[in-house]
Amino acid sequence: MANRKETLTCSCDFSGVRPAVMDLPYPPIRVRERNPVYVDLIGVSYCGMISEMSAVMQYINNESRVAASGCAMGKTLLGMAIAEMTHMQMLGGLIGLLGGNVCYTSRQAGAQPWMWSPQCLTLPERVDEMLRADLERELAVIDQYSMHIRMIKDDYVNDVLKRIVQDEQYHVMLLRSMMDTM
């Protein structure tokens, strides 16, 4: 037999993957006034340890690792990553309106500025552990947003954060569903 190389391809077609979001409108991106304290709070959700940036990167990594063997799961994870990108865009808009600069550095009260890095990610090898890590992140970000909503006294900002939480709750449901089918 001739020296023939096997060609491997991913048969999963990702065209048409849509954001995994609740079928609800998003409120307009607006604020009552500039507020540097709110900039710091929202910056943590933008690019902190538990953040939209971390979620995007973790979901993209996980999607890339499962797509060849789990096309449906890969598409769901990609849809969740796209939703997190949308959340980042909205948070970036709020940060700018509140008087901050959109960057990959977050500040927590009394701490030195901290720059996002891949060390924020949890990337286990096994798919069940991967989904468990994603679920834990979603639950943690919901708690973080809930805390920020209690601290922020701007109803416009809180409306956006509350709407994002609805998407995060949807992601929890999707992750639990994927875990149940394993």
Side-chain angles (χ1 to χ4, degrees), residues 18-62 76-123 131-177:
R18 300 180 52 86
V21 297
M22 296 293 292
D23 189 20
L24 300 168
Y26 289 103
I29 305 302
R30 58 186 177 177
V31 302
R32 295 258 174 225
E33 61 189 4
R34 293 179 183 271
N35 188 315
V37 173
Y38 297 171
V39 167
D40 290 347
L41 290 173
I42 294 170
V44 169
S45 293
Y46 184 82
C47 67
M49 180 67 86
I50 303 294
S51 66
E52 300 297 341
M53 178 70 174
S54 294
V56 168
M57 300 311 291
Q58 190 157 311
Y59 284 134
I60 291 292
N61 181 279
N62 292 348
T76 300
L77 293 170
L78 181 59
M80 292 165 67
I82 295 167
E84 306 297 5
M85 288 180 223
T86 301
H87 299 162
M88 277 188 79
Q89 188 275 330
M90 291 187 290
L91 294 178
L94 290 174
I95 289 168
L97 291 174
L98 289 165
N101 293 318
V102 178
C103 61
Y104 298 110
T105 303
S106 63
R107 300 180 202 294
Q108 290 186 311
Q112 291 292 326
W114 185 83
M115 181 169 273
W116 188 90
S117 78
Q119 292 173 328
C120 297
L121 306 179
T122 304
L123 303 171
L131 295 175
R132 167 83 41 214
D134 292 343
L135 177 61
E136 289 171 3
R137 291 292 183 118
E138 289 289 351
L139 294 171
V141 81
I142 290 168
D143 287 344
Q144 182 172 280
Y145 277 125
S146 297
M147 179 181 66
H148 291 169
I149 289 166
R150 288 190 301 274
M151 297 170 75
I152 292 172
K153 305 302 179 207
D154 183 322
D155 55 327
Y156 293 146
V157 173
N158 282 337
D159 286 347
V160 173
L161 300 183
K162 287 175 185 175
R163 177 59 187 83
I164 290 172
V165 167
Q166 291 177 305
D167 288 342
E168 306 301 2
Q169 291 168 334
Y170 180 57
H171 295 170
V172 166
M173 187 271 310
L174 290 172
L175 288 164
R176 285 184 173 148
S177 177

Spatial distance of atom [atom1] ([X]) from atom [atom2] ([Y]) [nearest 0.5 Å]:
X    : Y    : atom1 : atom2 : result
H171 : L77  : NE2   : CG    : 10.0 Å
I60  : M80  : CD1   : CE    : 11.5 Å
R132 : R137 : CZ    : CZ    : 14.5 Å
C120 : M115 : SG    : CE    : 11.5 Å
D40  : L98  : CG    : CG    : 10.5 Å
L41  : H148 : CG    : NE2   : 4.5 Å

For residues [X] and [Y], report the shortest heavy-atom separation together with the two atoms involved.
X    : Y    : answer
L91  : L161 : CD2-CD2, 3.7 Å
C103 : C47  : O-SG, 3.7 Å
Y38  : M151 : CE2-O, 4.1 Å
Y145 : E168 : CE1-OE2, 4.2 Å
Q119 : M49  : O-SD, 4.3 Å
A81  : V56  : O-CG2, 3.8 Å

Any side-chain heavy atom of [X] within less than 4.5 Å of one from [Y]?
X    : Y    : result
N62  : L123 : yes
L94  : V160 : yes
E84  : Q58  : no
L135 : L139 : yes
V21  : Y170 : no
S54  : W116 : yes
L175 : V172 : no
E52  : I164 : yes

V165 vs Q169, side-chain contact (heavy atoms from CB on, under 4.5 Å): CA-CA, chis, key distance, verdict: CA-CA 6 Å; V165 167; Q169 291 168 334; 3.8 Å; yes
Salt bridge (charged side-chain N to carboxylate O under 4.0 Å, His left out) partners of residues 150-166, not counting sequence neighbours, each pair once: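 For residues 150-166, and leaving out neighbouring residues, the salt bridge (charged side-chain N to carboxylate O under 4.0 Å, His left out) pairs sorted by first residue read R32-D155, R163-D167.
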Plane angle bin for Y26 and H87 - parallel if under 30°, tilted between 30 and 60°, otherwise perpendicular: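 It falls in the perpendicular class, over 60°.
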M173 atom CE: more than 12 heavy-atom contacts under 6.0 Å: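 Atom CE in M173 is crowded, with more than 12 foreign heavy atoms closer than 6.0 Å.
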Q144 side chain to I50 backbone, donor-acceptor under 3.5 Å: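 Judged by distance alone, yes, a pair lies under 3.5 Å.
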